[in-house]
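Below: the structure, in structure tokens.
Counting convention: from 1, in listed order, for ligands and their atoms alike. As a basis for the values below, the full set of heavy atoms in this structure was taken, side chains included, without hydrogen atoms, waters or symmetry mates.
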Amino acid sequence: KTTMKDTQIKKLIDLEKKRQKNVINLIASENVVSKDVIEALGSELTNKYAEGYSGKRYYGGNEFADKIEDLCKDRALALFGLSPDLWHVNVQPLSGSPANLAVFLALVPKEGKIMGMSLTHGGHLTHGQKVSATGKFWTSVQFGVNEKSEMIDFEVIKAQAIAEKPAIIVAGFTAYPRTVDFKKFREVADDCGAILMADMSHFAGLVAGKAYPSPFEYADVVTTTVHKTLRGPRSALIFVKKDKTKLDAKGNPVSFASLIDRAVFPGLQGGPHLNQIAAVAVALKEASTPAFKKYAGQVVKNAKVLADELAKKGWRIVSGGTDSHLVLIDTWMGGKGIGGKEASDRLEKAGIIVNKNTIPGETRTPVDPSGIRVGSAAETTRGKKEKDFKKIAEKIDKVLRTK
Ligand code: DSN
């Protein structure tokens with residue numbers, strides 16, 4: 001029972017709780033966290049400043065903060081099967097965008113180039129888009145998907161990388177439904193002498209549950225948010241290989257790990273959010289269970305059903321299907337259907353929450369693009385299975401067709 005005295009905020013929280021309960025949530029980047037995660041987030045840890053890192057704080061009273069941060073780091077490495085001798089992890093980034101920015105700040109010189117997937121083809125703002133700091137402070141080169149297959153085309157990327165010589169290549173996405181071949185990205189990075197960074201924000205939970213390829217064998221740096229398929233609080237992690245070094249101004253080798261730690265704090269952030277780090281630790285423990293492995297497998301099965309059923313009903317699924325939790329639907333279909341904004345608005349009125357999304361070769365605008373993006377992570381947490389997703393597909397079809 002709550003004892004909250006601020007009734008205005010309390011009422012709004014209650015309304016949001018009710019809204020979440022009453023809708024079918026198909027936002028591909030959202031999930032539903034456990035009560036334990038919420039309890040850690042809402043704890044007294046929020047009162048504490050802990051600038052610095054475990055054992056090297058700038059404030060007193062961090063006996064327990066150190067233990068929490070260390071445990072979180074241990075759990076993060078263990079979850080992805082990483083040896084602490086080979087990998088370092090920073091658990092302080094407040095969310096995905098600052099995590100990616102920290103990696104670039106640490107590793108990409110001012111005149112360096114970032115190569116990432118373009119936004120309309122499924123990349124993220126922080127993969128070097130012009131409107132993001134990552135596209136303003138550094139130059140960037142963007143790659144797209146093959147026009148026909150709507151999948152990543154490594155021949156094109158390789159030629160582009162060799163011509164452009166980026167300092168870093170980002171393998172990852174925010175709206176790409178297929179698996180990413182990290183081995184091929186490694187080869188491209190080696191061909192042009194770039195660092196390989198994987199951004200597994202969307203599929204981290206699937207990697208943890210062994211339902212999606214892991215980037216760790218190939219990438220030098222891996223970033224991830226915690227709140228998508230990984231089902232934790234809003235937060236992010238940066239994993240980095242311990243043996244990777246870069247020469248400093250005096251020609252001395254400095255590890256990527258220490259450069260990244262310094263970029264996170266004091267480069268970009270002040271005190272870490274300890275309540276958030278504790279909640280991340282809780283979520284990482286939950287994600288290491290057999291139940292979570294089952295969950296990750298079910299997430300992919302459910303997304304496949306959603307894609308297949310919608311395709312059967314005549315909707316064009318970008319790339320023809322999905323290998324993950326995410327499905328991109330071309331609702332516009334060259335003018336035969338409806339725009340992404342209308343689709344999203346209509347679905348919301350019917351209690352299904354999605355986001356409008358650009359599709360490869362977009363001909364409309366980001367505010368009213370050609371498609372919608374849907375995902376299965378949140379509803380799978382609520383126990384939905386293939387038969388439920390078949391019903392969801394039927395409902396989506398009905399709503400989108402009704403004039
Ligand atoms: N906004 C997130 C998503 O929906 O994919 C990425 O930052």
- [ ] Determine the sole option in Thr380, Thr229, Thr381 for which the side-chain hydrogen bond (donor to acceptor under 3.5 Å, both in side chains) test with Tyr295 is passed.
- [x]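 Testing Tyr295 for a side-chain hydrogen bond (donor to acceptor under 3.5 Å, both in side chains) against Thr380, Thr229, Thr381 leaves exactly one candidate, Thr381.
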- [ ] With sequence neighbours excluded, give me every salt bridge (charged side-chain N to carboxylate O under 4.0 Å, His left out) pair touching residues 72-99.
- [x]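 Sorted result for residues 72-99: empty, none.
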Open item on the list: Checking Lys184 now: which residues fulfil salt bridge (charged side-chain N to carboxylate O under 4.0 Å, His left out) with it, not counting sequence neighbours?
Closed with: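 Applying salt bridge (charged side-chain N to carboxylate O under 4.0 Å, His left out) to Lys184 gives Asp181.
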Open item on the list: If the condition is salt bridge (charged side-chain N to carboxylate O under 4.0 Å, His left out), which residues does Arg186 pass it with, not counting sequence neighbours?
Closed with: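 Asp190, Asp220.
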Open item on the list: Using a 4.0 Å cut-off on heavy atoms, what residues surround ligand 1? Order them by chain and number.
Closed with: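 The answer is Ser29, His124, Thr174, His202, Lys228, Arg373, counting any residue whose heavy atom sits under 4.0 Å from ligand 1.
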Task: Over 12 foreign heavy atoms within 6.0 Å of CD, Glu16 - done: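 For Glu16, atom CD is crowded (more than 12 foreign heavy atoms under 6.0 Å).
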Task: Audit row: Glu286, Arg231, salt bridge (charged side-chain N to carboxylate O under 4.0 Å, His left out) steps and yes/no - done: CA-CA 9 Å; Glu286 289 172 358; Arg231 209 163 65 185; 5.3 Å; no
